[in-house]
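Here is the structure we will look at.
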Amino acid sequence: MSELFDMPSDLQNTYFGLVALHLREALLPVLAGLLLALPVAQLCVRVRWLYPPVLWVTTVLYAIPSLAFFVVLIDYTGLSELTVMIPLAVYSLVVLVPAIVDGVRSVPQETLAAATAMGFGPVRRYLQVQLPIAAPAIIAGLRVACVSSVSLVSVGMLIGNAGALGNLLNSGMIYHQPRLIWLSVVGTAVLAILVDAVLIGLRVLLTPWMPRGGTRENTRPLAVKEAAR
Amino acid sequence: MFHAGRAPRLLRAGNEEERLRPLLVTPVEGKDLGGVLVRQWSDGVMALLCARAPERTRAVARSKATAIGVDPEVLWDDALDHVRAEPVELRTAAAGAPGPAITHVTGDGGFGTGHLLRLRELVAGPAPHGVLVGILTSPGLFVFHTVVRRLWAQAMVETFQKLGPDRSRLCPQRPGARGPKAGETCQPRRVFGVLIRIDSVTKRYPDGTVAVDRLSLEIPDRSITVLVGPSGCGKTTTLRMINRMVEPSEGTILIDGVDSRQQPVNTLRRSMGYVIQNAGLFQHRTILDNIATVPRMLGWGKEKSRARARELMERVGLDGALAKRYPYQLSGGQQQRVGVARALAADPPVLLMDEPFSAVDPVVRKGLQDELLRIQEELGKTIVFVTHDIDEAVKLGTMVAVMRTGGHLAQYAPPAELLSHPADAFVEDFLGADRGIRRLSFFSSAGLELLTEPIVAVDATAERIAAAGSGEAPYLLVTDPDGKPLGWGEPGDLTAGEIEAGRLLPYGRPFAAGTDSLRAALDCAVLSPTGWAVAVDAEGRVAGVVSQQVIGEAIRGAHAERSADGKVEQVAP
Amino acid sequence: MNVLNFINAFFSDSAHWHGYDGIPTRLGEHLQYTLTALGIAAAVGLPIGLLTGHTGRGGNTLALIATAARALPSFGLMVLMFILLGLGMAPVMIPLVVLAVPPILVTTYEAMRSVDPAPVDAARGMGMAESAVLFRVELPVALPLILSGLRSAAIQIVSTATIAAYVSFGGLGRYIIDGLYQRDYEKVVGGATLVAAMALTTLALFWAVARFTVSPGVRGRG
């Protein structure tokens with residue numbers, strides 16, 4: 001059983017070490033993307049005409065294949081982890097901005113009016129009323145971003161072995177060990193599903209006000225966005 | 001003997017016989033010329049017309065329908081065993097003036113046909129100008145009759161074949177009508193509404209809820225029947241069972257005598273118009289294409305469907321410029337009109353309307369209700385209308401069915417009777433307050449005695465004012481030189497030549513003399529600070545004035561008349 | 001900037017325009033992969049999506065499929081297929097199709113579900129056959145979303161097909177992979193540009209298709 005998880009020595013890592021590396025490489029960019037997306041989204045909500053052009057830009061950026069993105073950065077950041085993480089951050093940004101904007105916009109007008117009437121200032125309103133209600137939509141966006149990230153990190157293998165579990169693919173090819181390839185694929189998939197599950201749990205924790213399972217109306221727009229990615 | 005009215009003018013004078021020859025022949029012994037004449041016919045209409053005839057004569061009925069459908073100038077009706085009122089009905093159903101001249105062929109010496117003619121006169125009055133009714137009889141020898149018949153039939157077929165592709169002569173021009181182009185078929189004739197019978201119908205859902213419970217109702221033809229009640233009373237379910245959007249668990253629904261389950265469901269639905277709340281317009285099609293949906297489904301050509309759609313837009317009061325717009329560009333009221341137009345497009349005999357006016361604001365709603373009444377007067381459909389608004393029900397319905405939660409029928413009566421005799425506490429409650437006053441709208445003000453003495457023109461002389469003021473009326477109505485009302489004034493205060501309109505008491509809203517109801521008259525009297533109502537004619541000129549007392553007496557008089565009809569009248573509190 | 005120099009050099013080198021490694025050939029291969037995969041995925045995903053969306057059943061199953069499919073690593077899957085099946089069209093097509101079907105399926109389903117039920121009810125009431133209701137009433141309104149699903153699937157295919165070059169396949173990714181191994185950054189950047197251009201062209205194409213097929217009545221509503 002233990003041979004199952006034996007790693008070739010040139011990887012300088014155990015299997016679970018690679019898993020941890022993979023997680024780090026996948027989730028840090030998402031976090032960065034989230035932090036960038038929040039202000040951008042808020043701007044788009046405030047300045048309505050900004051949203052369509054921003055949406056255009058994000059659609060275009062998302063269309064650019066990951067590999068192309070990675071290689072263009074090689075010139076600037078070399079063959080390192082950063083080359084992989086920057087595009088991933090951009091992709092996360094691209095997924096999260098529409099998710100946040102739609103989520104914030106879905107807050108009913110009456111709720112906002114009530115909040116203003118009670119004396120909430122704009123910032124407080126954003127943080128305490130709009131964001132919490134938009135949380136399900138944001139978490140849905142986070143799910144998409146994280147899962148795509150986890151999947152894309154493997155491609156980093158082509159950029160100087162910066163692919164964590166993706167590196168196993170290369171090893172598998174070179175050493176003719178299908179086992180390694182299976183480990184990589186299954187590992188990545190399981191990781192993605194676990195991250196997804198954790199985020200769903202997070203949503204359930206953060207939104208006790210939502211009916212369990214979500215109503216049709218609540219989950220449908222999210223599902224569409226999710227699936228459309 | 002055979003009478004010839006105006007000779008079918010469309011036939012070129014060939015030989016002598018041709019001049020007299022009718023244009024159309026119904027099938028004789030199976031030779032069905034239907035296919036030759038009319039390529040398109042509404043399935044629903046066909047089904048209805050054929051449904052009238054018993055099984056054995058259905059082919060004959062179908063061909064008759066076909067024959068009338070092309071709007072011939074002369075109709076040769078050969079049905080030896082079929083001498084009954086049916087042809088007359090069909091002919092009247094095909095109404096329009098002048099209609100086809102009918103040649104009845106009978107072997108019974110004309111007795112049956114004579115009876116038919118008398119019946120026809122009873123039903124539709126004496127034959128108007130241009131109608132030919134001919135009786136070809138061959139007294140006595142049956143054989144001879146058969147021979148003659150066959151000869152005529154043969155001649156017909158030959159005439160047809162001679163006419164060839166130039167079928168434009170099949171559909172004669174009537175003043176104002178546009179004939180079809182050569183080879184094109186005619187519009188199906190306008191069809192009046194049919195009777196719907198709901199027979200002990202129940203709708204039970206799998207989870208146990210009973211939406212409709214043994215409902216039995218007879219919906220009369222050519223009228224508006226309103227199903228009204230609180231939410232959950234099964235009115236929408238009942239409506240949707242008529243066109244089988246919902247299938248009844250028990251019971252049958254007979255549409256013009258035919259069980260609705262006997263036909264393929266789509267044929268049934270295409271023969272009924274269906275209007276829902278929020279119109280349900282196809283947002284991806286233009287208004288014109290929306291309206292033309294059912295005709296296109298029935299196989300009409302694109303041009304013909306669109307022409308019909310334009311016709312309907314006009315009929316429902318939509319500006320023709322909207323034809324190429326999309327639904328999102330129209331207001332709610334306009335969208336609803338499009339919905340109604342779409343339902344009327346294929347000229348169905350039945351119109352099902354499910355709370356169609358609920359989603360628009362009250363002003364628009366009133367306009368739409370008035371339009372519906374006007375359209376119904378023109379078209380005479382059978383309309384089944386569902387609403388939760390009792391006022392709408394009373395305004396629109398010829399018959400009103402009040403339903404109770406749980407799908408039971410509480411009362412089914414004309415609105416006047418509903419208001420005067422609610423069947424139980426539930427109906428009374430549902431009718432709401434001031435039922436008595438609302439009931440007054442069913443009494444006409446035609447019998448009111450209007451006084452004309454207390455009316456003076458603004459430029460009247462002092463004597464005139466004195467003369468008017470000497471009557472019993474405490475106030476005088478001042479009108480402008482045209483006769484339109486300006487206001488009330490006290491006789492003592494009015495001096496000739498110095499009557500100022502601004503200082504007069506307001507006269508409130510006037511009511512139309514003779515046509516408005518007692519309720520309108522009473523309302524006017526109450527509105528005016530003097531307690532007198534002003535009646536005006538069609539141009540707005542004062543026809544007379546009447547006091548509340550007189551109106552009150554008229555109301556009592558109307559009640560008395562009603563009880564004189566034999567109904568025990570309970571004085572409405 | 002280096003990048004621009006690279007691009008310039010790459011495209012002006014005439015050798016790059018000919019032969020089995022020429023731009024036209026590689027472009028053709030990439031197009032072939034993309035169109036085939038998209039075709040198969042659409043042929044599978046569209047009918048199922050339309051049907052389940054029209055009847056409304058199977059929504060939960062589809063949500064599960066969507067999540068599962070997103071979790072699969074495209075790259076890893078491709079390598080796996082290569083190891084198991086060797087060279088040929090199948091190892092390329094299988095991952096591409098498997099990855100493209102879920103977006104099409106789920107988006108089509110959601111698009112059909114989001115159609116306003118009132119016109120559908122009116123259409124049935126008018127006596128339209130079920131198939132006519134699906135194709136003439138629901139589909140035109142759901143079209144924008146369906147097209148967006150097809151579009152994301154197409155983009156995803158273009159992207160993953162690029163990576164297929166790693167396992168010895170052709171396509172535009174060949175430039176990138178070879179360039180990386182040969183340390184020929186001119187090639188790498190040139191390849192990247194081509195791939196990006198292809199993705200953007202796909203975007204533009206879908207935008208144009210939407211422009212022409214979506215009725216103004218649906219577009220105008222927003």
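Below, chain A is the first sequence line, B the second, and so on; all start at residue 1.
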Are C:Phe75 and C:Tyr166 close enough that their ring centres sit under 6.0 Å apart?
yes
Under 4.5 Å from any heavy atom of chain C, what part of B:Arg325 do you find: side chain, backbone, both or neither?
neither
Under 4.5 Å heavy-atom distance to chain B, tell me which part of C:Ala123 shows up: side chain, backbone, both or neither.
both
Kindly say whether C:Val189 contributes a backbone atom to a donor-acceptor pair with the side chain of C:Thr193 at under 3.5 angstrom?
yes
How are the rings of C:Tyr33 and C:His30 set relative to one another: parallel (under 30°), tilted (30 to 60°) or perpendicular (over 60°)?
tilted
Interchain contact, B:Thr293 with chain C, by part (heavy-atom threshold 4.5 Å):
side chain
Select one option (side chain, backbone, both, neither) describing which atoms of B:Leu281 are under 4.5 Å from chain C's heavy atoms.
backbone
Smallest heavy-atom separation, C:Arg124 atom then C:Val133 atom, equals CG-CG2, 4.3 Å
Top contributor to chain B interface from C:Ala118, C:Ala122, C:Gly127 [non-hydrogen pairs under 4.5 Å]
C:Gly127
Quick check on B:Arg240 against chain C: is it the side chain, the backbone, both or neither that has a heavy atom closer than 4.5 Å?
side chain
Regarding B:Tyr274 and C:Asp121, is there a side-chain donor-to-acceptor distance under 3.5 Å anywhere?
yes
Options B:His284, B:Met272, B:Met245, B:Gln329, ranked by heavy-atom pairs under 4.5 Å with chain C, top entry
B:His284
Looking at C:Gly125, C:Ser215, C:Pro117, which one has more heavy-atom pairs under 4.5 Å with chain B than the rest?
C:Gly125
Should we say atom CZ of B:Arg261 is surrounded by more than 12 heavy atoms from elsewhere, each under 6.0 Å from it?
yes
